[in-house]
Every structure is written in C-alpha cells, then in structure tokens.
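Below is one structure, written out as structure tokens; the observations come after it.
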Amino acid sequence: MTQRTKIVQILASKETGAPVLVKGWVRTKRGNKAVSFIALNDGSTINNIQIVADPNLFDEELLKNITTGACISVEGTLVDSPASGQGVEVQAKTIELLGGADNTYPLQKKGHTLEFLREIAHLRPRTNTFGAILRIRHAMAYAIHEYFNKKGFCYWHSPLITASDCEGAGSMFQVTTLDLQNPPKTEDGQINYAEDFFASHTNLTVSGQLEGELGAMALGEIYTFGPTFRAENSNTPRHLAEFWMVEPEMAFYDIKDNMDLAEDSIKYFVKYALDNCADDLAFLEKMYDNELTDRLKFVTENDFIRLPYTEGVEILEKSGKKFEFPVGWGLDLQSEHERYLVEEHFKKPVILTDYPKEIKSFYMKQNDDGKTVRAMDVLFPKIGEIIGGSEREADYDKLYNRMVEMGIPTDSMSWYLDTRRFGSAPHSGFGLGFERLLLFVTGMANIRDVIPFPRTPRNAEF
Ligand code: ATP
Ligand code: MN
C-alpha cells in the first residue's frame, strides 16, 4: 500500500477494517504504558484523526520522538472509535518518523495570541485557526473563479508593473533597477529614468482597473483577480500594502447593473462558504465570533440598502452621534461612518451611490447635477467599505476635461482615452478587496490574519 489517504476522507469513511496510510503532523500525544493516543492533522480538515498505538509493538525511542509538531507516517487499520465525537480512528501497525520536532517548537500548547502567531507566520498555518482561515481563503478564491466563469466572464491579467501612476500618486511602490547610491542624472540634475530597466519611471500597480477597461471594451465582461500594492502608511486592521483584488469590468452595464452584480456576487461567495466550509466556520465561530454564521446568513438572505451619498450624510448628521472624524457633504466617509449606517441605522449592508466628484476618481461617470459621479461603495458590517466601483465616464470630451481638471497627464494616458475614441460604450466595474471579503467571512478582526504573509508598514518578514 503506497497511496496516502487524506484525513478528511478517512474521517468520512465508513470502511472500518480497511488498511490505511495516513501522514501528518502531531498535534498532541497522550497515554500510558498500555496505550498511546496521537492526534494527527494533515491540513485537509480542521479535524484530527486519532492514532492508537500499543507501546509494546513499537520502539521506545520512536514513541519518545513522536512529539507535538513532529511529522509521521502511519500504516494501520481503520476501526470504529469508542471515543465520543469521532467516528473512526487508526489502529497503528507501523509508524515512521518523517521529521522530529524538539521542545523548542513554538506551538507546544494551545491558546497563543494572534499577535504572537503573527511573529511566527511561517508556522502559524499549522494551528487550527490558520488552517481554517487558509482553507476558507482557498475556497473563496475558487468560488470567485467559479462565479465569473459561470457568468461567462473572461479572466483577464492586468500588468503588475505599470508606468501610469494616476490612480494614487504618492502611494505607489517604485520599481527600478537603477543604482540608488549613484543613479544616472539628466543634464538638469534629475534622475534619468530613460536609463532604467523600462526606460521610464515605473511602479507596482494599485489597481488593475484601467487595463481591465481595455479588456471589457473588447471581450465584453472580464474580471481580474490578482495582487495590488499600495504604499499607504495606514496602520489599520483593514489595510495591507500588498493585497488581492477582484475587479470585474463590464461593457454595457450601467450603475444599476453594476450594483446588481456586486450584490449577487458577494452573496454567492458568502453562500459558497456556508455550503462548503462548515467545519472551519464552526471552529472560528466557537473560538472567535459567536455570531459568525448568523451574520453570513443574514447577508445572503437580505437585500442590500441602496442609497445616495447625500442621503447617507443627512442620516449621519441627524444621528446625534459623536464621531471621531467630521461629517458633512463633500467629506469622504470614514469607516466609523460607514459602520454606523450599516450596523446601527439600517442593520443591513448598504450600497452608497453618487458621491461628490471631488472625493472620487477621474474616470467615474459624471451626473447631470455637475456635482456628483456615479460611484458606488458597498459597505459591510464590521468592515466598512468592502467594494468600491462606478459606472465609467464613456464620453471622450467629459473624460478628457476631467483629466485636465484633475491634473492627470493626458499624453501618457492616450491609450486609456482611446477606448472612448474608438467604439466607446457605457461600461462599469468595481473592485472587491479579497482580504476584506475574508475578514467578513472568517469573522477575524485584523486583516493581517487572513493572508499567509502580511505586508504592512515596516514589515515584510518571511
Ligand atoms: P479605503 O477607503 O478602505 O482605504 P479605497 O477607497 O482606497 O479603500 P479602492 O481604491 O476603492 O479602496 O479599492 C477597492 C477595494 O479594495 C476596497 O473597497 C477594499 O475592499 C480594497 N482595499 C483598498 N485598499 C486596501 C488595502 N490597503 N488593503 C486591503 N484592501 C484594500
Ligand atoms: Mn473606494
């Protein structure tokens, strides 16, 4: 027998009496002179399989080395378990120690703080908590591809290195191969990017949207799903310097179609988690957030509130609530304002639309009032903004004038303007922060805990 069976399959198996080969990492070992119980986990499920070993059948030295954190391979027989709460266990015939772990293994006992686990991010995937989160992360990535594929969207790859920095000047990571000690200079003393790798000043992308629009204007409906980078020095529980974003972009969609897609897709992802990640969700609910499944179900079962920004601001002004940041028409909403609308006022997810043009990007469709643009932000409980999107300005002149007004270089962006010069069409799109979605689905409170290796200001470890 050479084929290993994953623990998730073994636990679901009814074939008692059958031989099995199982491999994994030891969570605990306990027992006495007559019997040893090893709880083994291989990452395929939150649940451990119990290995039962008769100490008389095994070398004493071997059993001594089966410690928390060690990796072993066990051949044995699947038997009904007399212990409550587990259907089957493995009666060991042979045990091989694949890799020992001495008592310096940092995950000896249970109950480490999330802060401590961040310091050992290379080992934390072996904990129950991170095993659950990372399996859910995988399931959500799969659900995203499944959803858009079913709808006939094309998976589109926007570049990660970009020469356009109009989205968020000042908050981008520069990409260069120039010698920082001794960069080449132009005659007037500026750094000469003509000598850089791409012969121009380049950055890591903050969003795949602009190139995504080019895709939508050819393929109809596309989505990106890839890493994006923001050098914003905001140390919050909701911001990463490197995060993953899902950005659908659709020709012939207006803002209403865009909102419908945002609401439908997010409900699909949450329902996928409820249907496919039950064990992991139950664990997280028990350990961290006793309202988790209720909150997830609530989102899948209720219509989102749709409301213009102007009315949202009025509600906030009338609330009588003391906010840390000021509220007023023309000011951007902070997370505390968004959460007030969602958690206290409506008690439902909210889609806010028609924001003042001054606080939104140049490419958003201008409303006839001359003051607002057809933006939409989806606001969620505990998170605040989970999606930001808009109908795009499809009119060449309006777009061009707005770019000039906002100081966006129209020369270097001529490729973008070309979509409006040649066969322009109404189109819309949005960006869903993948880790924000995971914060919601897992109930975790800090975005550093839903990605294997978080990148944040002053931290790029591992
Ligand atoms: P926020 O106001 O929360 O900083 P934003 O308005 O800058 O977000 P957008 O540019 O609209 O965000 O990006 C689209 C989505 O990407 C957001 O709705 C959010 O889900 C996610 N997102 C934005 N910035 C970050 C970040 N630094 N880390 C993780 N996710 C982010
Ligand atoms: Mn936004």
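Whatever order the structure lists ligands and atoms in, that order sets their numbers, starting from 1.
Each of the atoms 14 (C), 15 (C), 18 (O) of ligand 1 lies under 4.0 Å from some heavy atom of Gly431. Within the listing of ligand 1, atoms 29 (C) sit less than 4.0 angstrom from a heavy atom of Ile447. Atoms of ligand 1 found under 4.0 Å from any heavy atom of Arg230 (numbered from 1 in listed order, with element): 5 (P), 7 (O), 9 (P), 10 (O), 12 (O), 13 (O), 23 (C), 24 (N). Every atom of ligand 1 is numbered from 1 in the order shown, and the set under 4.0 Å from a heavy atom of Arg238 is 28 (N), 29 (C).
Just one residue in the list Leu204, Leu160, Asp196 forms a side-chain contact (heavy atoms from CB on, under 4.5 Å) with Val175, and that residue is Leu204. The ring-ring contact (aromatic ring centres under 6.0 Å, His included) test with Phe434 is passed by exactly one of Phe225, Trp244, Tyr223: Phe225.
Using a 4.0 Å cut-off between charged side-chain N and carboxylate O, Lys360 and Asp377 make a salt bridge.
Note: an N/O pair closer than 3.5 Å links Gly433 and ligand 1 by distance alone. In terms of polar-atom proximity, defined here as any N/O pair under 3.5 Å, Met245 makes no such contact with ligand 1. Where the criterion is an N or O separation shorter than 3.5 Å, residue side chain and backbone included, Leu240 meets it with respect to ligand 1.
Using the six-membered ring where Trp is involved, Tyr340 and His345 have ring planes that are tilted, between 30° and 60° apart.
You'll find the side chain of Lys382 reaches within 4.5 Å of the side chain of Arg295, heavy atoms only.
With a 4.0 Å cut-off on non-hydrogen atoms, Asp377 does not touch ligand 1 at all. Both the backbone and the side chain of His239 come within contact range of ligand 1, each with a heavy atom under 4.0 Å. Contacts of Val206 with ligand 1, taken as heavy-atom pairs under 4.0 Å, are absent altogether.
Taking the six-membered ring for Trp and the full ring otherwise, Tyr155 and His157 have centroids separated by under 6.0 Å. Aromatic ring centroids of Phe148 and Tyr268 lie 6.0 Å or more apart. Between His427 and Phe252, the ring centre distance reaches or exceeds 6.0 Å.
Remark: distances from the non-hydrogen atoms of Leu437 to ligand 1 are all 4.0 Å or more.
Ranked by closest heavy atom to atom 3 (O) of ligand 1, the top entry among Glu338, Lys360, Arg436 is Arg436.
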